[in-house]
*Asks:* 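Sharing a structure with you now.
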Amino acid sequence: MIDRACISLNNNCNLQCKYCHFQDKQIDFNSFDFKSLKIIVDNIHDYCKKNKLERFKLGIVGSGEPMLKSELIIELLKYVKENKYQEINIYTITNGTLLKKDLLKVFYKYKDFFKICISLDGYEEIHNSGRMCFSKVMEGIKNYFEIYKKMPAINSTVNYNSYLNKEKLISFYKDNNLFEVTFSKLIGYLEADLFISDEQYQDFMEYAFDSGINSRQFKSEKCYDCTMYGKLCGVGRTNIFIAPEGIYPCGRFYKNEKYNLGSYSDSLFKIDKEVHKLIPILDNKCYYIENVGVK
């Protein structure tokens, strides 16, 4: 059963991170409007109600920077709250550079069902080796703390530099009171400067666990989500990626029309049938890498 989806509001970004697999697709700047988003969440609510699904995880994350469409996110949050779609839990992953205090004050009103995660790969040298604008990200984190009175959740992409400098990296998070960190393994990037093997990633994760970092990845339950989080691949099982161009098994398939499962306006019951035509990959493998993309 589908129990999670990502909505790509737009395919535009204010940064050009080195390892972003969406960059070559950010050329036409398609985006959703509010009318389209209402159709999507209405379909999700209908699907959950008929399947008696009490929790549906909806990520505002995809091929562009979500905060470039912050007004649209606010409209969506207001609509979900007004319609009491209590089964829909929403989160976003942002690069953090556009998180101003006035915007965060608005988001704070929806804190019961809307979570903000900030991408931060570590201290300045590590972060800027793959991403950009470390100081602006830290300013966004500071603004978040001033409004929410707690530190935000962090999404950290783990690459070879992270592995080589894991002691300093973990100390940086702890010294800055950033204990809620999701460590995403860099996948689909084969250049030797940042490529990290499964064994190196596992070693990094064991060190992070022993160091006292609180990550959802350290929970023992079996969960189909994404192998980049050290979890199991949800393609053909639980996941979909919704973009203006169509619905795909996950973000890696964006604009691959062979794997376009349907329109954003289609019912989730129809999309569910298409999802389950895919044969799920073995545990600990990535469907895209094994069947479509880089080997």
Side-chain angles (χ1 to χ4, degrees), residues 4 6 17-23 59 61 93 117-132 134 153-176 178-239 241 249-254 278-295:
R4 61 190 66 221
C6 289
C17 299
K18 183 174 183 177
Y19 50 70
C20 177
H21 62 275
F22 286 115
Q23 283 191 30
V61 57
I93 302 176
C117 304
I118 298 176
S119 295
L120 176 68
D121 289 353
Y123 55 90
E124 186 167 9
E125 292 82 1
I126 291 290
H127 180 84
N128 286 344
S129 69
R131 297 186 184 271
M132 304 170 66
F134 172 82
I154 298 298
N155 190 287
S156 174
T157 297
V158 180
N159 56 55
Y160 187 59
N161 285 338
S162 314
Y163 168 70
L164 290 180
N165 299 280
K166 58 182 180 291
E167 294 88 355
K168 184 177 179 181
L169 176 59
I170 296 300
S171 292
F172 165 80
Y173 287 126
K174 295 172 69 175
D175 291 346
N176 285 276
L178 297 168
F179 285 91
E180 186 180 352
V181 185
T182 296
F183 295 105
S184 305
K185 178 181 179 291
L186 180 61
I187 60 174
Y189 183 95
L190 300 182
E191 299 299 324
D193 61 335
L194 296 180
F195 173 79
I196 182 171
S197 69
D198 290 342
E199 292 77 16
Q200 290 166 341
Y201 175 74
Q202 184 60 35
D203 181 74
F204 176 92
M205 293 300 290
E206 289 175 2
Y207 181 82
F209 176 80
D210 292 339
S211 299
I213 293 292
N214 174 30
S215 174
R216 65 187 177 93
Q217 296 159 287
F218 299 145
K219 296 179 180 179
S220 59
E221 75 270 15
K222 189 172 184 178
C223 177
Y224 288 101
D225 185 355
C226 182
T227 51
M228 68 185 291
Y229 301 132
K231 297 290 184 179
L232 306 174
C233 180
V235 170
R237 291 186 173 100
T238 59
N239 297 10
F241 180 86
C250 83
R252 290 277 166 179
F253 296 84
Y254 177 50
L278 301 169
I279 300 175
I281 196 70
L282 295 174
D283 287 356
N284 302 315
K285 296 290 185 179
C286 168
Y287 187 103
Y288 184 86
I289 289 179
E290 295 298 321
N291 294 297
V292 184
V294 292
K295 299 290 185 180

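Small disclaimer: the values here were computed from a predicted structure and weren't measured. Numbering starts at 1 and runs along the sequence shown.
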*Asks:* Between Asn176 (side chain only) and Leu178 (backbone N and O only), is there a donor and an acceptor less than 3.5 Å apart?
*Replies:*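 Side chain of Asn176 to backbone of Leu178: no pair is present.
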*Asks:* If we ignore angles and hydrogens, is there a donor and acceptor under 3.5 Å between the side chains of Asp121 and Tyr19?
*Replies:*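 Yes, Tyr19 and Asp121 have a side-chain donor paired with an acceptor closer than 3.5 Å.
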*Asks:* Check the pair Phe172, Ile126 against side chain to side chain contact (heavy atoms under 4.5 Å, CB included), reporting the backbone distance first and the verdict last.
*Replies:* CA-CA 11 Å; Phe172 165 80; Ile126 291 290; over 6 Å; no
*Asks:* Using a 4.5 Å cut-off on heavy atoms from C-beta on, say whether the side chain of Thr157 contacts that of Ser119.
*Replies:*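 Counting from C-beta outward, Ser119 and Thr157 never come under 4.5 Å.
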*Asks:* Quick one: does Glu290's side chain get under 4.5 Å of Leu282's, heavy atoms only?
*Replies:*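 A side-chain contact under 4.5 Å is absent here.
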*Asks:* Do Ile213 and Phe183 touch side chain to side chain, with heavy atoms closer than 4.5 Å?
*Replies:*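 SC-SC contact between Ile213 and Phe183 confirmed.
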*Asks:* Decide side chain to side chain contact (heavy atoms under 4.5 Å, CB included) for Leu120 and Arg131; before the verdict, give the C-alpha distance in whole Å, the side-chain angles of both, and the deciding distance to 0.1 Å.
*Replies:* CA-CA 8 Å; Leu120 176 68; Arg131 297 186 184 271; over 6 Å; no
*Asks:* Where is the tightest heavy-atom contact between Gly236 and Pro280, given as atom of each residue plus distance?
*Replies:*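 What the structure gives for the nearest pair is O-CG, 3.8 Å.
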*Asks:* How are the rings of Phe253 and Tyr287 set relative to one another: parallel (under 30°), tilted (30 to 60°) or perpendicular (over 60°)?
*Replies:*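 Rings of Phe253 and Tyr287: tilted, 30 to 60°.
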*Asks:* Checking Tyr173 side chain against Gly122 main chain: does a donor-acceptor pair fall under 3.5 Å?
*Replies:*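 Indeed, once roles are kept as given, a pair shorter than 3.5 Å links the two residues.
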*Asks:* Would you say the side-chain atoms of Tyr254 pair up with the backbone N or O of Phe241, donor to acceptor, closer than 3.5 Å?
*Replies:*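 Not at all, since once roles are kept as given, no pair shorter than 3.5 Å links the two residues.
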*Asks:* Just wondering, are more than 12 heavy atoms of other shown residues or ligands nearer than 6.0 Å to CZ in Phe134?
*Replies:*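 Yes.
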*Asks:* If you compare all heavy atoms of Leu194 against all heavy atoms of Ser129, which two are closest, and at what distance to 0.1 Å?
*Replies:*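 Closest approach of Leu194 to Ser129: CD1-O, 4.1 Å.
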*Asks:* Determine, stepwise, if the pair Arg4 / Asn239 fulfils side chain to side chain contact (heavy atoms under 4.5 Å, CB included).
*Replies:* CA-CA 5 Å; Arg4 61 190 66 221; Asn239 297 10; 3.0 Å; yes
*Asks:* Is the shortest heavy-atom distance from the side chain of Arg252 to the side chain of Val292 under 4.5 Å?
*Replies:*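 No, too far: nothing below the 4.5 Å cut-off.
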*Asks:* Could you tell me whether the side chain of Lys174 and the main chain of Ser211 form a donor-acceptor pair under 3.5 Å?
*Replies:*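 Side chain of Lys174 to backbone of Ser211, a donor-acceptor pair under 3.5 Å: yes, one is there.
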*Asks:* Under a 4.5 Å cut-off applied to non-hydrogen side-chain atoms, are Pro249 and Leu278 in contact?
*Replies:*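 Yes, side chains in contact.
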*Asks:* Under 4.5 Å between any side-chain heavy atoms of Asp198 and Lys185, yes or no?
*Replies:*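 Heavy-atom side-chain distance check passes, below 4.5 Å.
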*Asks:* Output the distance between atom OH (Tyr288) and atom SG (Cys250), rounded to the nearest 0.5 Å.
*Replies:*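 One gets 8.5 Å once the value is rounded to the nearest 0.5 Å.
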*Asks:* To check you understand the geometry: which heavy-atom pair defines the closest contact between Leu186 and Ile196, and what is its length?
*Replies:*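 Residues Leu186 and Ile196, closest heavy atoms: O-CG2, 4.0 Å.
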*Asks:* Can you find a heavy atom in the side chain of Asp203 that is under 4.5 Å from one in the side chain of Lys166?
*Replies:*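 Side chain of Asp203 against side chain of Lys166, heavy atoms only: contact under 4.5 Å found.
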*Asks:* Assess the residue pair Arg237 and Leu232 against the criterion (side chain to side chain contact (heavy atoms under 4.5 Å, CB included)); give the C-alpha distance rounded to whole Å, side-chain angles, the decisive distance to 0.1 Å, and a yes or no.
*Replies:* CA-CA 10 Å; Arg237 291 186 173 100; Leu232 306 174; 5.5 Å; no
*Asks:* So which heavy atom on Ile281 is nearest to which on Cys233, and how close?
*Replies:*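 Looking at all heavy atoms of both residues, the shortest contact is CG2-CB, 3.6 Å.
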